[in-house]
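Order of the sequence lines sets the chain letters (A, B, ...), proteins ahead of strands, with each chain counted from 1.
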Number of protein chains: 2
Amino acid sequence: MDTVREASGNPPGAAFLLAAIGAHATARFAERIAALELSPPQTGLMRVVVATPGRSQQELSELLGTPPSRLVGLVDGLAAKGLLERRRNETDRRLYALHPTAAGIAMIEKIGLVGREHDDAVCAALDDGERAVLRGLLVRIAAEQGLTPGVHPSYRRI
Amino acid sequence: MDTVREASGNPPGAAFLLAAIGAHATARFAERIAALELSPPQTGLMRVVVATPGRSQQELSELLGTPPSRLVGLVDGLAAKGLLERRRNETDRRLYALHPTAAGIAMIEKIGLVGREHDDAVCAALDDGERAVLRGLLVRIAAEQGLTPGVHPSYRRI
DNA sequence: TATTGTTATACTCTATAACTATA
DNA sequence: TATAGTTATAGAGTATAACAATA
């Protein structure tokens, strides 16, 4: 079948390829972690809570760049699964501190495993050296574009 | 401020970087193209119609991998702007053939310009040689992952 | 009876703003 | 009066399935 690119004679630029492959990678990752009964935003939040435990929802809201109201549902879901818990701050009882449970820490291990499998599948076309080159270029783009390392920008409002 | 990556000691893999930068690129492109009063899905459809004019909505639905019902709204919007038109097939009056108007072809030129500006902005961290290397790696990933060249996978249902 | 395009409906995800409880 | 967290509401975007017109 002839394709759009061939018909238009307009080879896509790097930015279009990044958008297309990024959306593809996002969809494939969502499929994989659905096996752990987690959504991608829940997964990102779990990572942050494990990386920096004890933060309030306000602090996480600030770090992720997402409205506090969005965090409520994510935390509710993860707490209902027993992966993290809200601990009242005794000196200021308006605040919660979020901490991973033992099950949450175990889950992070599984998430890491799924992530590595996913990474390997997405980069199947490249050998190890090429993957390193790609990562190097992507890290530089991410830094120049002002992306927070380790935080997916879909948390951010425009 | 310390970041999640630093705190977790878990450098993101290439797939996460692709997802994050891809989402960022998508959002930035949507901002740019909004100046032309188009949405990203409308833009993708315009590209396809200009590249291969005269197709029916069924054929485009098949090519893009999207339900026919979704195409209706996109075509409606583009037709209302006078960028493309539905022409009845006289031998089988169930079918429409989609054709760009003169205004639509002029719009494609603007879209191309916006796309090149966007590409340049996203890749600002890289010099020309590095951009070529990046494109080469991305094209190979896209091909191996089964992505249709020139078609954004967000049209595709899971 | 099958197919093209359309409409009706519902679902997911998210943001905004109003609300409560604490300070 | 201000702040942390929650709830209520609404909007965008999409898919599924029912539908009308044509074959």
Side-chain angles (χ1 to χ4, degrees), chain A residues 19 23 26-27 29-31 33-34 37-45 49 54-80 84-99 151-158, chain B residues 19 23 26-27 29-31 33-34 37-45 49 54-80 84-99 151-158:
Chain A
T26 299
F29 181 70
E31 289 172 359
I33 55 163
E37 297 191 343
L38 291 176
S39 69
Q42 284 178 324
T43 305
L45 178 57
V49 171
R55 298 203 185 199
S56 70
Q57 293 182 199
Q58 283 290 333
E59 287 173 318
L60 292 172
S61 166
E62 173 71 22
L63 170 64
L64 297 174
T66 205
S69 63
R70 185 176 171 193
L71 240 58
V72 175
L74 296 176
V75 172
D76 281 353
L78 294 171
L84 57 76
E85 59 184 13
R86 292 175 166 108
R87 296 187 196 159
R88 278 278 184 207
N89 182 321
E90 289 306 325
T91 67
D92 184 344
R93 294 176 46 74
R94 292 173 304 181
L95 285 78
Y96 284 115
L98 298 184
H99 289 270
V151 175
H152 195 287
S154 67
Y155 286 110
R156 296 208 166 273
R157 62 232 159 192
I158 58 171
Chain B
T26 298
F29 180 72
E31 289 171 359
I33 212 80
E37 298 191 339
L38 290 176
S39 68
Q42 284 178 324
T43 305
L45 178 56
V49 171
R55 298 204 185 200
S56 70
Q57 294 182 198
Q58 282 290 333
E59 287 173 319
L60 292 173
S61 165
E62 174 72 21
L63 170 63
L64 296 175
T66 205
S69 63
R70 184 177 171 192
L71 240 59
V72 175
L74 296 176
V75 172
D76 282 353
L78 294 170
L84 58 77
E85 60 185 13
R86 292 176 167 108
R87 295 188 196 156
R88 278 279 183 207
N89 181 321
E90 288 307 325
T91 66
D92 184 343
R93 295 174 47 74
R94 292 173 303 181
L95 286 79
Y96 284 115
L98 299 185
H99 290 270
V151 175
H152 196 287
S154 67
Y155 287 109
R156 295 208 167 274
R157 62 233 159 189
I158 59 170

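For B:E62 and C:dG5, the CD to P distance is 13 Å, given to the nearest whole Å. In this structure, B:D76 places its CG atom 6 Å from P of C:dT6, rounding to the nearest Å. If you take CG of B:L64 and P of C:dG5, they are 13 Å apart, rounded to a whole angstrom. Separating the CZ atom of B:R86 from the P atom of C:dG5 is a distance of 9 Å, rounded to the nearest angstrom. When rounded to the nearest whole Å, the span between CD of B:E59 and C1' of C:dT4 equals 12 Å. One can place CG of B:N89 at 13 Å from P of D:dT22, the figure rounded to the nearest angstrom. Between B:L95 atom CG and D:dA21 atom P the separation is 17 Å, expressed in whole Å. Taking atom CG of residue B:L60 and atom P of nucleotide C:dT4, one finds them 13 Å apart after rounding to whole Å.
Here the side chain of A:V72 is nearest to one of C:dA15, C:dG5, D:dG5, namely D:dG5.
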Collect all protein-nucleotide pairs involving nucleotides 10-13 of chain C in which both atoms are nitrogen or oxygen and the distance is under 3.5 Å.
none

**Message:** Generate the contact string for nucleotides 17-22 of chain C. Rules: B means base contact, S means sugar-phosphate contact only, - means no protein heavy atom under 4.0 Å.
**Reply:** B----B

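Note that the OH atom of A:Y155 and the CG atom of A:L74 stand 6.5 Å from one another [nearest 0.5 Å].
Under the salt bridge (Lys or Arg N to Asp or Glu O under 4.0 Å) criterion, the residue pairs touching residues 69-80 of chain B are B:D76-B:R86, with sequence neighbours excluded.
Side-chain atoms of B:V72 and B:Q57, non-hydrogen and from C-beta on, do get closer than 4.5 Å to each other. You'll find the side chain of A:Q58 stays beyond 4.5 Å of the side chain of A:L95, heavy atoms only. Looking at heavy atoms from C-beta onward, A:F29 lies in side-chain contact with A:T43 at the 4.5 angstrom threshold. The closest side-chain heavy-atom distance from B:H152 to B:T26 is below 4.5 Å. The shortest side-chain heavy-atom distance between B:I33 and B:Q42 does not fall under the 4.5 Å cut-off.
Just one residue in the list B:L38, B:V49, B:L98 forms a side chain to side chain contact (heavy atoms under 4.5 Å, CB included) with B:L78, and that residue is B:L38.
Between B:E90 and B:R88 there is no salt bridge, since no side-chain N of the basic residue sits under 4.0 Å from a carboxylate O of the acidic one.
Looking at which nucleotide of DNA chain D each of B:E90 and A:A97 is closest to, the 5′-most match is held by A:A97.
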